[in-house]
Amino acid sequence: MLHFLSLHAAELINLCASLILLIAFAMLAQRKILALINLFAAQGLMLCVSTVLVAFVSGQAHLYWSALLTLVLKVLLLPWILHRLIRKLNVKWDVETLFNVSTTMIVGIVLVILAFNLVQPVSQLAGAVTKSTLGIALASVLLAFLMMITRSKAVPQVVGFLAMENGLVLAATGATHGMPMVIEFGIALDVLVGVLILGVFFFQIRERFDSLDTRHLEKLKET
Amino acid sequence: MSLTSLDATLWLAFVWLAIGGAGFLAPRNYFYIARVLFPLGALVGLLLAGVALDAVFHEPVSRVLPLGLPDLPFHARMDALSAFFLLLTGSVAAGISVFAGGYFRHGEQGTLPGLLCFYYHVFLASMALVLVADDAYFFMVAWESMALSSFFLVTTDHRHAEIRRAGYLYLLIAHVGAMAILMCFGALQGGTGSYQFDAMRAVQPGPVWGTVAFLLALFGFGAKAGLLPLHVWLPEAHPAAPSPVSALMSAVMLKTAVYGLLRVTFDLIGSPVWWWGVIALSIGLASALFGIVFAAVQTDMKRLLAYSSIENIGLIASGFGLTILFRGFSMGPLAALALTATLYHCINHAFFKSLLFLATGSVLHSTKERSLGKLGGLIHRMPWVAWLSLVGTLAIAGLPPLNGFVSEWLLLQAFLFTPGLPHAYLNMLVPVAAGLIALTAALSGYVMVKFYGVVFLGQPREAKLAEVQDAGLWKRAGLLWLAGGCVALGLFPLTVIGLIDEVTRPLTGFGIAGQSAASGWLYLVPISAERASYSPLLFLLVTSLLIAIAWLGVRLFYHGRMRRSAAWDCGFPYLDSRMQDTAQGFGQPVRQVFEQYFRVEQTVPSPFDPKPRYAETASDPLWHWLYLPFARGIMRATGLVTVLQRGRISVYLIYSFVTLLALLLFVR
């Protein structure tokens with residue numbers, strides 16, 4: 001088993017990375033909030049697996065901790081918080097996107113091409129094992145960003161924000177075998193606190209407008 | 001290691017901060033805050049004054065603080081100039097804090113007392129730190145904490161919209177000023193990149209950069225001091241703040257701005273050019289005259305005092321300008337005289353203005369009324385406040401033997417020596433300025449007669465004034481301390497000038513105590529005994545003798561031969577309070593004479609109106625000519641930018657998305 005792993009680690013990492021990209025596209029297309037959160041959890045799991053693989057290949061012990069952190073935070077804790085939130089807010093209904101899905105997908109493909117093109121000079125310098133993951137990481141960051149733009153409800157926007165962070169961690173493990181542990185902990189804490197604060201915001205927004213549609217916030221514009 | 005005066009000052013400032021923090025231990029307990037913490041703060045003020053008094057006579061000391069950013073520690077330095085202003089801060093703050101111990105009470109402020117105590121002591125500590133800062137970084141940190149803490153103090157009662165507005169205006173002008181000060185330090189560092197004051201002293205800026213730095217300093221510190229045309233926040237913020245805070249702001253905070261001006265001009269720039277003095281002099285004179293004329297037409301006690309602060313700061317700025325003028329022409333002894341008058345007036349104004357602000361605070365507390373039109377006759381109900389504020393009133397009106405006279409007289413003396421200036425136009429114009437100073441002094445007497453007469457003399461204008469209470473013991477103690485300061489500063493000018501000499505000697509190279517000492521301890525002689533001399537003790541002795549003789553004479557020869565009968569009543573059967581002169585009526589002559597300087601709005605009722613109401617407001621023309629057009633211009637410019645504001649999150653996200661992509665493509 002271990003022998004197999006060490007032989008095919010690079011391919012497996014690439015597989016994980018491409019699964020992450022695939023899930024990013026799936027999130028872009030997904031209209032249901034519950035499914036969106038499950039997809040986010042799956043993306044987190046893929047990230048965790050790929051981090052373990054990178055750790056195994058490069059022999060960097062602290063990456064195992066990073067993988068554990070990803071597992072606890074992004075696969076278990078945050079999806080659980082989000083599930084609880086939407087149960088409490090009772091917003092399981094379909095999400096309407098601002099643009100239709102096919103247009104969004106086309107824009108997403110353009111973004112992926114752009115991302116691969118952009119990271120080419122950087123990935124020349126990156127570690128040999130994880131060369132191609134950098135492009136995928138940037139692409140999933142951009143796709144998550146795109147998802148935030150195209151959704152009008154608050155919860156999908158937060159999921160987009162979290163998915164963006166997934167892409168960033170992938171980029172970090174891919175390019176430099178992970179960030180220093182302190183920074184990783186810091187980011188994890190930021191994300192956790194961010195979600196908690198946004199959870200409070202959800203309640204406030206709903207109390208105010210009887211809906212989680214952020215388009216209602218247009219009323220706050222100065223005239 | 002012995003404790004230097006600088007260390008002691010820094011420790012005392014930190015004790016102030018600690019007292020402020022201690023307010024949070026029991027933030028709702030009025031007894032703990034008012035009767036324990038505020039008196040403790042007063043004690044720290046006294047100690048600070050003591051330390052500063054000692055430091056005036058010692059060599060400058062400096063040290064590096066273990067605070068600040070890495071590689072950018074705070075530097076502090078104590079020299080005679082800092083010490084003098086610290087003496088002012090500590091001694092006045094002691095009186096105000098004692099008063100504040102009796103002032104803050106239940107249910108009057110919109111802010112928690114613990115929070116109020118925190119802001120108050122942070123304000124005190126930051127003022128002390130401004131005075132010992134020895135690099136631009138520390139100075140700005142202390143300066144800004146001073147501005148912020150005083151902003152929160154001004155908006156103590158933030159439940160009223162006009163108070164919030166006043167606070168906003170104050171904060172706005174304070175920050176515009178702070179930016180100018182920051183740029184001034186930038187101009188002063190002269191390309192060395194070092195923002196320590198020592199480095200700035202070593203660099204001799206060229207005439208261009210020196211001028212830029214001076215003008216920026218005049219603008220920045222002028223905004224804080226309330227010089228024209230940046231005075232608009234003063235008459236708004238002072239009435240909005242609680243009285244001890246107004247007293248502190250007017251008495252001490254305005255002086256830190258004066259300190260900044262002196263520090264930058266005479267210490268950091270080092271060699272001022274004479275025509276800077278002309279600018280400072282004209283701005284100062286304009287402020288003085290403007291302030292006093294507007295004070296004459298006010299009907300709100302605290303607004304009146306705020307305008308009077310503008311006047312006094314104007315006088316101080318004229319003294320400052322005159323000092324530069326003399327320095328620029330290398331007339332050292334006269335520069336020392338003008339600087340002495342300036343500094344003397346600083347400390348005098350601190351004492352009498354805080355006394356008067358606190359007195360209005362007592363009146364406000366007892367009567368819940370600050371409009372002059374609804375007060376009157378309070379000398380019978382509030383004898384302590386009335387008699388103590390009489391001391392302040394006489395002092396601010398510039399009457400001997402109190403302190404206001406000494407500094408105004410010295411200033412006038414300095415002006416009268418200007419014919420020696422080697423410049424023809426100045427020789428002709430400066431006597432005109434002396435005339436304006438005299439006019440201002442006279443008008444300030446007029447204003448103070450109005451203030452005192454309407455509030456304390458005559459008959460009460462409202463029925464409820466009959467049962468007001470006099471100030472409590474704490475308030476009396478605070479007022480007594482400040483009034484005592486006014487008397488002492490007035491009676492012993494030679495001692496004070498001996499103190500100020502230590503300040504003027506490093507800055508101008510000369511002092512004026514020498515001549516005075518030569519003519520004996522009794523007389524104050526600014527230049528030479530043939531020209532002018534003044535002895536407050538002798539004056540006091542003669543006047544009290546005359547009064548005693550007159551009183552005895554009346555008592556011995558007149559009493560017992562009096563015949564009481566009904567007064568001639570001009571055909572009226574009785575006299576009531578509506579027949580006495582009102583504040584507005586008293587100010588009317590000044591309003592008539594200076595009519596074109598006011599922007600007067602009148603609402604005149606129609607002749608057939610059964611309930612006629614007549615209203616008249618005299619407002620500041622600068623507000624309409626300068627501030628409102630400027631604000632409109634800003635609004636128009638920002639209107640162009642608000643196109644970007646769509647209020648939709650997706651659009652904002654697109655902004656950052658596009659920026660991100662553009663940056664990625666660009667960096668590539």
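Labels below follow one simple rule: chain letters A, B, ... track the order of the sequence lines, proteins then strands, and each chain is numbered from 1.
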- Query: Can you name the closest pair of heavy atoms from A:Q157 and B:L653 and give their distance?
  - Reply: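 Shortest heavy-atom contact: NE2-CD1, 4.4 Å.
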
- Smallest separation among heavy atoms of B:F657 and A:L111, with atom names: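 Scanning both residues, the minimum pair turns out to be CZ-CD1, 3.5 Å.
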
- Does the side chain of A:I149 reach to within under 4.5 Å of the side chain of B:V651, using non-hydrogen atoms?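 Result no, sub-4.5 Å side-chain heavy-atom pair not found.
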
- If we only count heavy atoms from C-beta on, is the B:L664 to A:L114 side-chain gap below 4.5 Å?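 No - every pair of side-chain heavy atoms lies 4.5 Å or more apart.
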
- Message: Can you confirm whether more than 12 heavy atoms, excluding those of B:Y627, are under 6.0 Å from its OH atom?
- Response: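 Yes - once you tally the heavy atoms of other residues, nucleotides and ligands closer than 6.0 Å, there are more than 12.
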
- Query: Near B:W623 CH2, under 6.0 Å, is it more than 12 heavy atoms from other residues, nucleotides or ligands?
  - Reply: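 More than 12 within 6.0 Å, yes.
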
Side-chain atoms of residues 159-170 of chain A: list all donor-acceptor pairs with protein atoms under 3.5 Å, sequence neighbours left out, distances to 0.1 Å.
unit_1, atom_1, unit_2, atom_2, d
A:E165, OE1, A:K74, NZ, 2.5
A:N166, ND2, A:Q43, OE1, 3.2

